[in-house]
Novice: 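Quick one: the structure is below, questions incoming.
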Amino acid sequence: MAPRRTLVRWVVVAVSATLLGLWVLGGKSSVKLRQTQWQAIKAKDAKLDTSYTADKPKQEAIVAAFKHAWSAYERDAMGDDEYHPIGHKGSNLSAAGGIGYAVIDAIDTMQIMGLTSEYQRARKWIAEKLTFDRDGKHNTFETTIRVLGGLLSAYHLSDEDPVFLERAVDLADRMLPAFTTKSGLPLPMVNLHKKQGVGEDYNANLISTAEATTLQLEFKYLSHLTDNEEYWRKAEKVMKVVKDAKIEFGLAPIFMNAETGDFMMSEIRLGSRGDSYYEYLLKQYLLTNRTEAVYEQMYQDTMDAIHSTLVRQGVNKGSTYTIEMLPQRHEGGLKWTLSPKQDHLVCFLAGSLMLGAVRSRAFVEAVSVPPLASELSDAGKNDWNLGYELLETCIDTYDSPTGLSAEIVHFYVDGDGRDWKENRGKDWYVKGMEFLGTAPSYDARYILRPETVESLFIAFRLTGDHRYRDYGWKIFQSIEKHCKVESGGYASILDVMNVNTAKEDKMETFFLSETLKYLYLLFSDASVLPLDQYVFNTEAHPFPIFHSGVRPLFS
Ligand SMILES: *[C@@H]1O[C@H](CO)[C@@H](O)[C@H](O)[C@H]1NC(C)=O
Ligand SMILES: *[C@@H]1O[C@H](CO)[C@@H](O)[C@H](O)[C@H]1NC(C)=O
């Protein structure tokens, strides 16, 4: 899942832990656990087939899309960090020059798809042209998940071609100084030439929670491969700081202070700047083969908090969705305003909850496909149900004129002044787009995001329910229809609610690393990168599960 990138900058104020302790829920928040039916096999339209095989024709179509995207990039912009398919040109993240962002993010997809000649050319570029000696600012988190993560997966999938590990070590050594803060939280940016962490201009100590807590899989796997414990400790320390800053309901505001290690007064949400914190709690536990109990506990506490605080049901047809919480100072404490807004990014959580239910909340070592109710604890069933229902909602948000989902959807609520009974029988709407003639808002875009197909892939692997393949295929066809650029590449669209939408001249690298990879894997058989042997980082780079000799720093 791609995280976390937000356009909105929050004005943030540090608050003490005691202040954060005084939670007042604003609005009408009936906090109670939903009682839902066991969903795994109850769905009346389930199409179960657990001995499924690869669907070769669909995989070939997805590989053709990858080639259409990659060959245009290679033709127009090879080596540049980003690609603009309409202008037929590339760009770099920093004026100091490229860091292999696009090439490295895409290379493991080539390995998985068996695109040998593309792979050989990309590898040659990495071996001969790539350098990280760039005197500019690069985002610590994005560089870790896309570049470090991409190199590590390529290393594993190439049967340990040393060029990838050498590059990964060089990059990580340039990044480690970003963790040299008083608290141990990393700074949000890093100068790879000077080997220095760099703060934001408007607040030198600010780091988003997701950015600080979505580096651990990469640095820990690198530590495992190199036997260098420093990578491990730096990444792990961050988790200790977050745990120590713990706030009462087990949820995390989206900003922290890298100097003090405290949370700052900021929103709580499962979307941008929050999302992959929740994702990596589970994945850290899985990466070391379920041996570090501390992450399981943090994960379970946090999922319980999500159930009791953030889950709501739509007013028209009862779709399950999650809300955001916005803090305000109120009579010496904090008051939280609830907002029925869900980022597309949140759709990662559907698959993550289903995976967590079978790996962390089960009575048996290996749960059946699909899971039996008797194999999961009550909490496991609750997690599974919530994941299942959130995925239904995410799929429903693709039921738009273009067949694609908006970057942000809002849900109708009582008293919002909207005529929600009139609106297409849906629970959701896209803000700014509901009146004809208004300019497309950022909310209405589809920027080739992967989170829903990622959850479809996981849900299919865990159930063998062919409905999930059908939905994924529909999404792929909508991408073909609305995002494909004839001369090569794929572009974002500005308005999913308009079939004549304009395109935006950008092909995000996560389209190659995540969206097309997860679509391809949705149609592969279960032996390809099995979920009990691999953990996908938040940019869809798979790492093999391993046993670690490093003792946890905290419990
Ligand atoms: C990106 O950086 C590379 C390496 O310095 C350079 O060769 C290329 O021209 C740059 N691309 C653009 C569009 O500036
Ligand atoms: C993970 O642990 C299980 C036992 O719980 C074991 O069977 C399996 O081989 C381990 N996997 C790895 C990669 O060590």
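Residue numbers count from 1 along this sequence. What you see is a predicted model; the values in this text were computed from it and never measured. Just follow the structure's listing: the first ligand is 1, and inside any ligand the first atom is 1.
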Novice: Out of all atoms in ligand 1, which are within 4.0 Å of some heavy atom of Gly97? Include the element for each.
Specialist: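 Checking each atom against Gly97, I get 2 (O), 5 (O).
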Novice: Using a distance-only test with no angle check, is there a side-chain donor-acceptor pair under 3.5 angstrom linking Thr509 and Glu82?
Specialist: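 There is no such pair between these side chains.
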Novice: CG/Leu519 to CD1/Ile62 distance, rounded to the nearest 0.5 angstrom?
Specialist: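 That separation rounds to 5.0 Å.
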Novice: When rounded to the nearest 0.5 angstrom, what is the spacing between CG in Asn139 and OG in Ser208?
Specialist: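 Asn139 atom CG to Ser208 atom OG measures 8.0 Å (nearest 0.5 Å).
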Novice: With side-chain contact (heavy atoms from CB on, under 4.5 Å) as the test, pick out the partner of Tyr534 among Leu286, Leu529, Ile545.
Specialist: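 The option that passes is Leu529.
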Novice: Quick one: OG on Ser153 to OH on Tyr221, what's the gap to the nearest 0.5 Å?
Specialist: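 With rounding to 0.5 Å, OG (Ser153) is 7.5 Å from OH (Tyr221).
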Novice: So, regarding Asn92 and ligand 1 (criterion: nitrogen or oxygen to nitrogen or oxygen, under 3.5 Å), is there a contact or not?
Specialist: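 Yes; the residue has a nitrogen or oxygen that sits under 3.5 Å from a nitrogen or oxygen of the ligand.
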Novice: At a 4.0 Å threshold, what atoms of ligand 1 neighbour a non-hydrogen atom of Gly90?
Specialist: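 Result: 13 (C).
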Novice: In residues 89-100, what donor-acceptor pairs under 3.5 Å come from side-chain atoms, sequence neighbours left out?
Specialist:
unit_1, atom_1, unit_2, atom_2, d
Ser91, OG, His84, NE2, 2.8
Asn92, OD1, Asp81, N, 3.1
Ser94, OG, Ala96, N, 2.9

Novice: Where the side chain of Glu407 meets the backbone of Asp343, is there a donor-acceptor pair that is under 3.5 Å apart?
Specialist: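 Such a contact is absent between Glu407 side chain and Asp343 backbone.
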Novice: Any N or O on Gly98 sitting closer than 3.5 Å to an N or O of ligand 1?
Specialist: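 Between Gly98 and ligand 1, an N or O pair is found under 3.5 Å apart.
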Novice: Consider salt bridge (charged side-chain N to carboxylate O under 4.0 Å, His left out). Of Arg123, Arg167, Lys124, which one does Asp161 pass it with?
Specialist: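 Single salt bridge (charged side-chain N to carboxylate O under 4.0 Å, His left out) partner of Asp161 among Arg123, Arg167, Lys124: Arg123.
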Novice: Check each N or O atom of ligand 2 against all protein N or O atoms and list the pairs under 3.5 Å, with atom names and distances to 0.1 Å, one per line.
Specialist:
unit_1, atom_1, unit_2, atom_2, d
ligand 2, 2 (O), Asn289, OD1, 3.4
ligand 2, 2 (O), Asn289, ND2, 2.4
ligand 2, 5 (O), Glu365, OE2, 3.2
ligand 2, 11 (N), Asn289, ND2, 2.8
ligand 2, 14 (O), Asn289, ND2, 3.4

Novice: May I ask you to identify, for Arg134, whether its side chain, its backbone, both or neither come under 4.0 Å of ligand 1 on a heavy-atom basis?
Specialist: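 Under 4.0 Å from ligand 1, Arg134 contributes side-chain atoms alone.
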